[in-house]
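Right, one structure below, let's go through it.
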Amino acid sequence: MKYGIGIFGCGGMGGVWSKVTTANPDCEVLFTYDPNPEAARIRANETGAETAKTPDQIFRNKDVDIVIISTPTFTHPDLVSQAAAAGKHILCEKPMALTLA
């Protein structure tokens, strides 16, 4: 099985995860997303992915099996909740959140 990947956050850690996933023959990065469109475009070019205009474009895509969340920590809870609601497998950079709340 080949796993479709969506990467949220295209900075330093997004770059690490894009390299790791593209090196795995069982993974294919399908989408990159970043509030900075240029960062998303750079990662998309590196991986052969498409840039998503919104997070929802990734969450609603049936071919995306796994999302990698490598955004700033304060954005993790919301993105993880949306990914779970969409039925996606989730890899979230640490820490998951800044507080227990």
Side-chain angles (χ1 to χ4, degrees):
M1 175 174 183
K2 194 160 210 147
Y3 297 98
I5 309 287
I7 297 177
F8 289 89
C10 296
M13 288 311 296
V16 170
W17 285 109
S18 69
K19 287 181 180 104
V20 168
T21 54
T22 55
N24 185 322
D26 295 330
C27 295
E28 180 180 4
V29 178
L30 300 177
F31 291 98
T32 61
Y33 174 80
D34 195 284
N36 175 348
E38 180 63 14
R41 186 191 63 72
I42 289 168
R43 295 290 176 237
N45 287 345
E46 291 172 355
T47 61
E50 204 177 309
T51 57
K53 293 188 181 10
T54 67
D56 236 22
Q57 186 178 353
I58 296 172
F59 294 136
R60 291 179 187 224
N61 189 290
K62 66 177 179 50
D63 295 326
V64 173
D65 304 296
I66 302 167
V67 296
I68 297 173
I69 300 173
S70 56
T71 56
T73 303
F74 74 90
T75 66
H76 291 176
D78 187 47
L79 289 171
V80 167
S81 293
Q82 290 179 64
K88 305 300 183 190
H89 296 281
I90 304 162
L91 187 151
C92 183
E93 275 294 317
K94 62 182 180 181
M96 169 56 196
L98 296 173
T99 67
L100 288 175

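Side chains included, hydrogens not; waters and symmetry mates left out as well; all remaining heavy atoms used.
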Only one of Thr71, Val67, Ile58 passes side chain to side chain contact (heavy atoms under 4.5 Å, CB included) with Leu79; say which it is.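 Among the candidates, only Thr71 passes.
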Just how far is it from atom CD1 of Ile90 to atom NE2 of His76, taken to the nearest 0.5 Å?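 Between Ile90 CD1 and His76 NE2, I get 11.5 Å after rounding to 0.5 Å.
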In chain order, what residues pass the side chain to side chain donor-acceptor pair (under 3.5 Å) check against Glu28, with sequence neighbours excluded?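 Glu28: no side chain to side chain donor-acceptor pair (under 3.5 Å) contacts found.
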Can you establish whether the number of heavy atoms outside Lys53 located under 6.0 Å from its atom NZ is more than 12?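 Open: at most 12 neighbouring heavy atoms sit under 6.0 Å from NZ of Lys53.
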[Y] backbone acceptor or donor facing [X] side chain under 3.5 Å:
X: Asp34; Y: Ala39; result: no
X: Thr51; Y: Arg41; result: no
X: Arg43; Y: Thr32; result: no
X: Ser70; Y: Gly9; result: yes

Are the aromatic rings of Tyr33 and Phe59 close, with centres under 6.0 Å apart?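 That pair fails the under 6.0 Å test.
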If every non-hydrogen atom of Cys27 is compared with every non-hydrogen atom of Lys2, which pair is closest and at what distance?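 Closest heavy-atom pair between Cys27 and Lys2: O-CE, 3.8 Å.
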To check you understand the geometry: which heavy-atom pair defines the closest contact between Phe31 and Ala49, and what is its length?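 Between these two residues, the closest heavy atoms are N-CB, 3.8 Å.
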Evaluate the criterion side-chain hydrogen bond (donor to acceptor under 3.5 Å, both in side chains) for residue pair Gln82 and Asp78; output intermediate values, then yes/no. CA-CA 6 Å; Gln82 290 179 64; Asp78 187 47; 2.8 Å; yes
Residue list, salt bridge (charged side-chain N to carboxylate O under 4.0 Å, His left out) with Asp56, at least two apart or on another chain: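 Salt bridge (charged side-chain N to carboxylate O under 4.0 Å, His left out) list for Asp56, sorted by chain: Arg60.
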Would you mind listing the cluster partners of Trp17? Hydrophobic ones only (ILVMFWY), side-chain contacts under 4.5 Å, chaining allowed.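 Once heavy-atom contacts under 4.5 Å are chained together, Trp17 belongs with Met1, Tyr3, Ile5, Ile7, Met13, Val16, Val20, Val29, Ile66, Ile68, Leu91.
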Are Val64 and Val80 connected in the hydrophobic side-chain network, where two residues link if heavy atoms are under 4.5 Å apart?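 Yes: a chain of side-chain contacts under 4.5 Å links Val64 to Val80.
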